[in-house]
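Just so you know, residue 1 is the first one in the sequence shown, and it goes up from there.
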Amino acid sequence: AVMVYLVKQRQDIRQRASTTTGTMAVNLSPGSTIIPPGSVATIDVRVISRATSAFDGLQIVAQLSGTIPNNIQFQPATIPGLQMVKSEITTVNTKRLLRIAFLTTNPTQPYIATASSSIASVIKLGELTFTAPQQGQMTVHFDPTLSKIMTHATSSSGVTVQDILAIPTD
């Protein structure tokens, strides 16, 4: 789980989501910060690729729990080559969920996240912003079942689809 302590404590930011063979990961940034009560906080939601990866779309679903600020918002980023198709914070069965989805703007061309052995590719999906309450903590847990980054390959047997979002090792 990703812990965001809202009052004079550290954030525990860990990667979360989908498959053991994935080449990409989702996380929050900054990795550690102190958020005084009443201060406006901005936390980036991003995906990171340690190797060059091509993908057709992504879906990130995270559950927010604990002390959730009343004014929490997600502002999606404008990413050339990707189109935002979903960006919301909703309540489902008393759970607060962050849902983000992007697709390529050209369905015949995948989005390329270029990375090298020494430099990772970082794609900022958007920002969570809120005013820190007087006390409490908020947990952000990326759902490993519903969070996906999809790539496809064409072969003689047709098109195969593969999830390339990694399950982190905590």
Summary of ring-ring contact (aromatic ring centres under 6.0 Å, His included) pairs that have at least one residue in residues 59-109, sequence neighbours excluded:
none
With a cut-off of 6.0 Å (strictly less than), are more than 12 heavy atoms of other residues, nucleotides or ligands near CG of Asn71?
yes
Taking only residues two or more places apart in sequence or in another chain, which ones pass side-chain contact (heavy atoms from CB on, under 4.5 Å) with Asn93?
none
Can you check whether Leu28 reaches Val140 side chain to side chain, under 4.5 Å on heavy atoms?
yes
Are side-chain heavy atoms of Gln137 and Thr67 found at a separation under 4.5 Å?
no
Share the residues that join Ile119 in a hydrophobic cluster, the rule being Ile, Leu, Val, Met, Phe, Trp or Tyr side chains under 4.5 Å apart at the heavy-atom level.
none
Under the criterion side chain to side chain contact (heavy atoms under 4.5 Å, CB included), I'd like the reasoning laid out for Leu128 against Leu98: C-alpha separation, chi angles, the key distance, then a yes or no.
CA-CA 10 Å; Leu128 283 169; Leu98 168 64; 4.3 Å; yes
Apply side-chain contact (heavy atoms from CB on, under 4.5 Å) to Thr105 and list each qualifying residue two or more places apart in sequence or on a separate chain.
Gln83
Can you check whether Thr139 reaches Ser65 side chain to side chain, under 4.5 Å on heavy atoms?
yes
Other cluster members, Val85 - Ile/Leu/Val/Met/Phe/Trp/Tyr, side-chain contacts below 4.5 Å
Leu103
Side chain to side chain, Gln59 and Leu146, heavy atoms closer than 4.5 Å:
yes
Using side chain to side chain contact (heavy atoms under 4.5 Å, CB included), reason through Phe130 and Ile43 one step at a time and then give a plain yes or no.
CA-CA 9 Å; Phe130 55 88; Ile43 299 175; 3.9 Å; yes
Which pairs count as salt bridge (charged side-chain N to carboxylate O under 4.0 Å, His left out) when at least one residue sits in residues 73-87, sequence neighbours excluded?
Lys86-Glu88
Can you name the ring pair (Phe, Tyr, Trp, His ring centres under 6.0 Å) partners of Tyr111, sequence neighbours left out?
Phe55
Between Ile149 and Val47, which heavy-atom pair has the shortest distance, and what is it?
CD1-CG1, 3.9 Å
Considering all heavy atoms of both residues, which atom of Ile123 and which atom of Ala113 are nearest to each other, and what is their separation?
CD1-CB, 3.9 Å
Those residues at least two apart in sequence (or on a different chain) that pass salt bridge (Lys or Arg N to Asp or Glu O under 4.0 Å) with Arg46 are none
Roughly how far, to the nearest 0.5 Å, is the CD atom of Gln63 from the CZ atom of Arg99?
11.0 Å
Salt bridge (Lys or Arg N to Asp or Glu O under 4.0 Å) against Lys124, all qualifying residues, sequence neighbours excluded
Asp44, Glu127
Checking the side chain of Ser147 only, and the main-chain atoms of Pro144 only, is there a donor and an acceptor separated by less than 3.5 Å?
no
Apply side-chain contact (heavy atoms from CB on, under 4.5 Å) to Ala120 and list each qualifying residue two or more places apart in sequence or on a separate chain.
Ile48, Arg50
Are any non-hydrogen side-chain atoms of Thr131 and Pro69 less than 4.5 angstrom apart?
no
Please give the remaining members of the hydrophobic cluster of Val92, linking ILVMFWY side chains under 4.5 Å, ordered by chain and number.
Leu97
If I take atom CE from residue Met138 and atom CZ from residue Arg96, how far apart are they, to the nearest 0.5 angstrom?
10.0 Å
Residue pair Leu125 / Ile60, side-chain heavy-atom distance below 4.5 Å
yes
A side-chain contact here means heavy atoms from C-beta on lying under 4.5 Å apart; do Leu64 and His141 qualify?
no
Salt bridge (charged side-chain N to carboxylate O under 4.0 Å, His left out): which pairs involve residues 60-69, sequence neighbours left out?
none
Does any donor atom in the side chain of Asn106 or Thr108 lie under 3.5 Å from an acceptor atom in the other side chain?
yes
Heavy-atom check, side chain of Asp56 versus side chain of Pro110, under 4.5 Å
yes
Give me the atom names and distance for the closest heavy-atom approach of Ala115 to Ser49.
CB-O, 3.3 Å
